[in-house]
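This structure is a prediction, so every number in the text was calculated from the model and none was measured.
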Amino acid sequence: STCSLSLREERHYAFEPLPHLSQKIRERFPRVIVHQAAVSDRSGESEFLFVENDPGYSGLRRRLYDRPDPKISPIRVRVVTLDETIPPDEKIAFIKIDIEGGEFHAIKGGIETIRRCKPVMVFEGSSRSTGQYGVKPDELYLFAEEALEYDLSTMERWLQRKPPYRREEFEENWKYGHEYYFIAVPKRKTRRP
């Protein structure tokens, strides 16, 4: 349930709402700027579902779990947006978001930072996680394509230099595919003669 950002100058930001994991990040990576908070499209305070027997599944809302016995304990956490937390003069180069369904909302809460810096982004998404937050695949796809001017692909597809997803392919994978880690890269501007 961690969101992390990297800057070109080797400075890193991490967002982790669970107190014990936030502390572990601080201890293990003393140069990282750690915010003990969840990331979304609005700031404030919220209930957070801590999955005690598998903390990596913890999130702001329920998702479909891959284990039959999630032991869930609600806790209160601080919620922030990337735009309010990242200073406007920072040049973010990379964003990784793995927050068990809240990825789309975190991206929306960082829209100005993303538009300004054009970082490469890696995030999770599927009907089993992000879909449980009420997000439809075409909503995420069109937001990336139109509002951010990004192409979406899987890591494997991108590394093989295959074309980015078309809308129908993204939706098909969202619903039925086995790929749930995506990479979003700024669209290349084609030059006209």
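His12 is not listed as a side-chain neighbour of Phe29, based on a closest heavy-atom distance of 4.5 Å or more. Side-chain contact between Leu152 and Leu140: present, with at least one pair of heavy atoms (C-beta onward) separated by less than 4.5 Å. The side-chain heavy atoms of Thr85 and Phe15, taken from C-beta on, include a pair separated by under 4.5 Å. Inter-residue side-chain proximity for Trp158 and Gln160 is flagged as unmet; no heavy-atom pair is nearer than 4.5 Å.
Under the side-chain hydrogen bond (donor to acceptor under 3.5 Å, both in side chains) criterion, Asn173 pairs with no residue at all, not counting sequence neighbours. With sequence neighbours left out, the side-chain hydrogen bond (donor to acceptor under 3.5 Å, both in side chains) criterion links Ser22 to Arg26. Considering only residues two or more places apart in sequence or on other chains, Arg61 meets the salt bridge (charged side-chain N to carboxylate O under 4.0 Å, His left out) condition with none of them. Residues passing the side chain to side chain contact (heavy atoms under 4.5 Å, CB included) test with His20, sequence neighbours excluded: Leu18, Phe50. Checked against salt bridge (charged side-chain N to carboxylate O under 4.0 Å, His left out), Asp41 has no partners two or more places apart in sequence or in another chain. Under the side chain to side chain contact (heavy atoms under 4.5 Å, CB included) criterion, Pro68 pairs with no residue, sequence neighbours left out. Not counting sequence neighbours, Gln36 has no partner by the side-chain hydrogen bond (donor to acceptor under 3.5 Å, both in side chains) test. Here Glu47 pairs with nothing under the salt bridge (charged side-chain N to carboxylate O under 4.0 Å, His left out) rule; sequence neighbours left out. Listed by chain and residue number, Asp138 satisfy the side-chain hydrogen bond (donor to acceptor under 3.5 Å, both in side chains) test with Arg167 (two or more places apart in sequence, or in another chain). Applying the salt bridge (charged side-chain N to carboxylate O under 4.0 Å, His left out) criterion to Arg161, with sequence neighbours excluded, gives no partner residue.
Cluster membership for Leu64 and Tyr57, using ILVMFWY side-chain heavy atoms within less than 4.5 angstrom, is not shared. Residues Phe94 and Leu159 are members of one and the same hydrophobic cluster, defined by side-chain heavy-atom contacts under 4.5 angstrom among Ile, Leu, Val, Met, Phe, Trp and Tyr.
Here the CD atom belonging to Glu146 is positioned 10.0 Å from the CD atom belonging to Glu149, to the nearest 0.5 angstrom. In this structure, OG in Ser58 is found 8.0 Å from CG in Leu21, a value given to the nearest 0.5 Å. In this structure, Glu103 CD and Lys96 NZ are separated by 9.0 Å, a value rounded to the nearest 0.5 Å. The structure places OH of Tyr181 at 15.5 Å from OG of Ser153, a figure rounded to the nearest 0.5 Å. In this structure, CD in Glu156 is found 13.0 Å from CD1 in Ile183, a value given to the nearest 0.5 Å.
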Run the side chain to side chain contact (heavy atoms under 4.5 Å, CB included) check on Thr113 and Ile111 step by step: do they pass?
CA-CA 6 Å; Thr113 301; Ile111 190 170; over 6 Å; no

Apply side-chain hydrogen bond (donor to acceptor under 3.5 Å, both in side chains) to the pair Thr154 and Glu179, showing each step before the final yes or no.
CA-CA 7 Å; Thr154 60; Glu179 296 285 346; 4.8 Å; no

Please lay out, stage by stage, how Ile97 and Val39 fare under the test side chain to side chain contact (heavy atoms under 4.5 Å, CB included).
CA-CA 9 Å; Ile97 310 173; Val39 180; over 6 Å; no

Quick one, Arg11 with Glu90, criterion salt bridge (Lys or Arg N to Asp or Glu O under 4.0 Å). Give me CA distance, side-chain angles, the key distance, then yes/no.
CA-CA 10 Å; Arg11 188 169 31 229; Glu90 296 280 26; 2.9 Å; yes

Show your reasoning for whether side chain to side chain contact (heavy atoms under 4.5 Å, CB included) applies to Phe170 and Glu168.
CA-CA 5 Å; Phe170 183 77; Glu168 300 79 26; over 6 Å; no

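Taking the six-membered ring for Trp and the full ring otherwise, Tyr141 and Tyr165 have centroids separated by 6.0 Å or more.
For Glu112 and Arg115, the salt-bridge test passes: some basic side-chain N is under 4.0 Å from an acidic carboxylate O. Under the 4.0 Å criterion applied to side-chain N and carboxylate O atoms, Glu145 and Lys187 are assigned as salt-bridge partners.
What you find for Ala106 and Leu82 is that their closest heavy atoms are O-CD1, 3.9 Å. In this structure, Pro119 and Ile95 approach most closely via the heavy-atom pair CG-CD1, 3.8 Å. The shortest non-hydrogen separation linking Val135 to Trp174 is O-CZ2, 3.5 Å.
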Can you give each donor-acceptor pair under 3.5 Å made by side-chain atoms of residues 69-80, sequence neighbours left out, with the distance rounded to 0.1 Å?
unit_1	atom_1	unit_2	atom_2	d
Asp69	OD1	Arg67	NE	2.8
Asp69	OD1	Arg67	NH2	3.2
Ser73	OG	Glu52	OE2	2.0
Arg76	NE	Glu45	OE2	3.2

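A salt bridge (Lys or Arg N to Asp or Glu O under 4.0 Å) check over residues 122-136, counting only residues at least two apart or in different chains, returns the pairs Asp66-Arg128.
Within the 3.5 Å criterion, the main-chain N or O of Leu148 finds a donor-acceptor partner in the side chain of Lys118. At distances below 3.5 Å, at least one donor-acceptor pair connects side-chain atoms of Gln132 with backbone N or O atoms of Ser127. A donor-acceptor distance shorter than 3.5 angstrom exists from the side chain of Arg157 to the backbone of Pro163, with no hydrogens or angles considered. For Tyr180 (side chain) and Ser129 (main-chain N/O), no donor-acceptor pair under 3.5 Å exists by modelled atom type.
Taking the six-membered ring for Trp and thresholds of 30 and 60 degrees, His105 and Tyr133 have ring planes inclined between 30 and 60 degrees apart. Between Phe182 and Phe123, the two ring planes are tilted [angle within 30° to 60°].
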